[in-house]
2 protein chains.
Amino acid sequence: MASTKRDRLIDTALELFNRDGYRATGIDKILAEAGVAKMTLYNHFGSKDELILAALKRRDARWRDWLRHAVARRAETPHGRLLAVFDALEEWFAQADFQGCMFMRAASEYCGCDHPIHAVAAEHQRLLLAELRDLAAAAGAKRPAKLAREILLLVLGAIVATQVNGPVDAGKAAKKAAEVLIEEALAAPEVGDAA
Amino acid sequence: MASTKRDRLIDTALELFNRDGYRATGIDKILAEAGVAKMTLYNHFGSKDELILAALKRRDARWRDWLRHAVARRAETPHGRLLAVFDALEEWFAQADFQGCMFMRAASEYCGCDHPIHAVAAEHQRLLLAELRDLAAAAGAKRPAKLAREILLLVLGAIVATQVNGPVDAGKAAKKAAEVLIEEALAAPEVGDAA
DNA sequence: GAAGAAATAGACAGACTTGTCTGTTTTTTA
DNA sequence: TAAAAAACAGACAAGTCTGTCTATTTCTTC
């Protein structure tokens, strides 16, 4: 198949970008690891940046898919699933190759807000927020967008705390905070949800 | 003074590291911007990494100082100051040169957990946590360490959300979440605070 | 089996990186 | 004012990086 080499390039790139970062990972390292010739890379992708973009798009699809399933596996009710997000995070944090969120890193390393790579990172975060909003709405939150934003802050915070300071049970702490916020969001009086 | 050049190097480095990142900022750019000769840099610091370390240490001192004052200026009571943290964040987010947290970026770009630069980033986060814990204790939280950890998650989350997605009022959202968590922490029954 | 597409190795260009070295000039100190 | 310390410009080494090119080989497909 024509796409086998392409696939291997993306997967290898993903692994090395996650381990070492984007700028720190040279094309040659990816090629050697993937066992692919340089011209093959430049035939499939026009540049390193385009390889990064392709890798991030695959990562986005896979990661959100993983989260959705990890959450669905753990709980039945929307309320329970909202909390299960943090159990899923803990599972992720415990993986040997956890190096923080690839999209945060991408946004850091390509910090021009108009840079396509930064844009993909921003989009990833918006998509995650949207999924949380659906869960929050299904759970019966009076202001699902507000609750989703709060949950997202805890998720991002837990990821960063773990990346920077190693395993410090940030997932558990975030979950307990989320419990309180969800409780509050379900009990809140009905008002228009503009946020 | 012998330290004038040194100071200028650190400040210039800080500015460029914040704007473009660590690996993306070359020594030569710093030297040109600071108007300092290369040998002067290598006489004061043995390597680029040591310059980064010196810059981050200055940043840590300055940033936490800024936060402490920004918080003290805004509120008198510990409870009020805990919330004022988020108002201070908003002020920071609104600055034209805001590019996220320099320590998160450092931990990202130098992701070997034993790397000295990563260690400085981790230490920064622990020091911030300690200050939040003091505030939480002064505010009368039953479990100040737990509350401080929760506040820290919201702080980190707000920083990342703003860095990745631009100004989306993450500070305000985090503050509202913090209000709920603080409320809960003050009302909680007295138990041993192990966390 | 033959034609065409895809992948290969490896050299190469050109720019960039950190760090070293030298010899000169400026600044500080005594 | 003379000796000592600091900073200077700029060349340089040795390595890295991305991306291009060529000529050969392997795979598909008809």
Side-chain angles (χ1 to χ4, degrees), chain A residues 1-57 102 105-106 108-112 115-118 120, chain B residues 1-57 102 105-106 108-112 115-118 120:
Chain A
M1 290 304 120
S3 58
T4 290
K5 297 281 173 184
R6 198 187 132 97
D7 274 356
R8 186 147 70 213
L9 278 171
I10 293 182
D11 283 337
T12 307
L14 229 24
E15 190 185 319
L16 295 180
F17 289 151
N18 178 63
R19 199 185 66 191
D20 300 327
Y22 302 93
R23 292 199 137 91
T25 300
I27 289 289
D28 290 340
K29 217 186 294 174
I30 298 171
L31 294 172
E33 187 91 4
V36 166
K38 191 175 263 193
M39 276 315 293
T40 306
L41 187 154
Y42 280 98
N43 281 336
H44 282 294
F45 312 94
S47 65
K48 183 186 179 182
D49 277 13
E50 281 191 41
L51 173 60
I52 295 176
L53 283 172
L56 284 178
K57 278 167 190 163
M102 294 195 71
R105 285 177 90 169
S108 261
E109 291 199 41
Y110 300 88
C111 51
H115 195 297
I117 294 177
H118 191 109
V120 167
Chain B
M1 289 305 120
S3 59
T4 288
K5 297 282 174 184
R6 198 187 132 96
D7 274 357
R8 186 149 67 213
L9 277 171
I10 293 181
D11 282 336
T12 306
L14 228 25
E15 190 184 318
L16 295 180
F17 288 153
N18 178 63
R19 199 185 63 190
D20 300 326
Y22 301 93
R23 292 198 136 94
T25 301
I27 289 288
D28 290 340
K29 218 186 294 176
I30 299 171
L31 295 173
E33 188 91 4
V36 166
K38 191 174 265 194
M39 277 314 294
T40 306
L41 185 155
Y42 281 98
N43 281 335
H44 282 294
F45 313 94
S47 64
K48 183 185 179 181
D49 277 13
E50 281 191 41
L51 173 59
I52 295 176
L53 283 172
L56 284 179
K57 277 167 191 162
M102 293 195 71
R105 284 177 91 171
S108 260
E109 291 199 41
Y110 300 88
C111 52
H115 195 297
I117 294 177
H118 191 110
V120 167

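Computation of the quantities below employed the complete heavy-atom set of this structure, encompassing side-chain atoms and omitting hydrogens, waters and symmetry-equivalent molecules. To find a chain, count down the sequence lines: A is the first, B the second, and so on, and within it residues start at 1.
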Pair B:Ile52-B:Asp49, side chain to side chain contact (heavy atoms under 4.5 Å, CB included): steps then yes or no: CA-CA 5 Å; B:Ile52 295 176; B:Asp49 277 13; 4.2 Å; yes
Within residues 48-57 of chain B: residues closer than 4.0 Å to DNA chain D (heavy atoms): none
side-chain contact (heavy atoms from CB on, under 4.5 Å) partners of A:Ala34, counting only residues at least two apart: A:Arg8, A:Leu9, A:Thr12, A:Val36
Euclidean distance, atom CG of residue A:Asn43 to atom C1' of D:dT20 [Å, nearest integer]: 11 Å
Salt bridge (charged side-chain N to carboxylate O under 4.0 Å, His left out) involving B:Lys38 - partner list, sequence neighbours excluded: B:Asp28
Length of the line joining A:Asp7:CG and C:dA7:C1', which is rounded to integer Å: 16 Å
B:Pro116 side chain near B:Leu53 side chain, heavy-atom distance below 4.5 Å: yes
Donor-acceptor contact present, side-chain B:Tyr22 to main-chain B:Met102, <3.5 Å: yes
Whole-Å distance separating the CE atom of A:Met39 from the C1' atom of D:dT22: 10 Å
Distance below 4.0 Å between B:Thr40 side-chain N/O and D:dC8 OP1 or OP2: yes
Length of the CG-P vector between A:Leu41 and D:dC21, whole Å: 16 Å
Nearest-Å distance for atom pair OH/C1', residues A:Tyr22 and D:dC17: 19 Å
Smallest separation among heavy atoms of A:Asn18 and A:Arg105, with atom names: O-NH1, 2.6 Å
Separation of atom CZ in B:Phe45 from atom P in C:dT20, rounded to whole Å: 15 Å
Residues that B:Glu50 engages under side-chain contact (heavy atoms from CB on, under 4.5 Å), provided they are two or more places apart: B:Phe45, B:Ser47
Flag side-chain contact, heavy atom, 4.5 Å: A:Asp7 against A:Thr4: no
Contacts of B:Arg23 that satisfy side-chain contact (heavy atoms from CB on, under 4.5 Å) - sequence neighbours left out: A:Ala24, B:Glu109, B:Tyr110
Short side-chain N/O contact to D:dA6 OP1/OP2 from B:His44, under 4.0 Å: no
B:His118 versus B:Gly112, closest heavy-atom pair with distance: CB-O, 3.5 Å
Nearest atoms (heavy-atom pairs only) where A:Ile30 meets A:Leu51: CD1-CD2, 4.0 Å
Atom-to-atom span, CZ of A:Arg23 to P of D:dT18 - whole angstrom: 11 Å
Under 3.5 Å: donor-acceptor pair, side chain of A:Asn43, backbone of A:Met39: yes
Side chain to side chain contact (heavy atoms under 4.5 Å, CB included) assessment of B:Asp11 paired with B:Glu15: CA-CA 6 Å; B:Asp11 282 336; B:Glu15 190 184 318; over 6 Å; no
Sugar-phosphate only, base, or nothing, as touched by A:Gly46 at under 4.0 Å among non-hydrogen atoms: nothing
Nucleotide nearest B:Tyr42 when distance is taken to its side chain, options D:dC8, C:dT20, D:dT20: C:dT20
Contact list for DNA chain C against residues 26-34 of chain B - heavy-atom distance below 4.0 Å: B:Gly26, B:Ile27, B:Asp28
Ranges pairing with ranges for DNA chain D, where each run has three or more Watson-Crick or G-U pairs under 3.5 Å: C:1-30 with D:1-30
Hey, what are the protein-to-nucleotides 11-16 of chain C N/O distances that come in under 3.5 Å?
none

d(CZ, B:Arg8; C1', D:dC8) in whole Å: 13 Å
Closest to side chain of A:Ser47, choosing from D:dA7, C:dA7, D:dG19: D:dG19
Heavy-atom side-chain contact between B:Thr25 and B:Arg19 under 4.5 Å: no
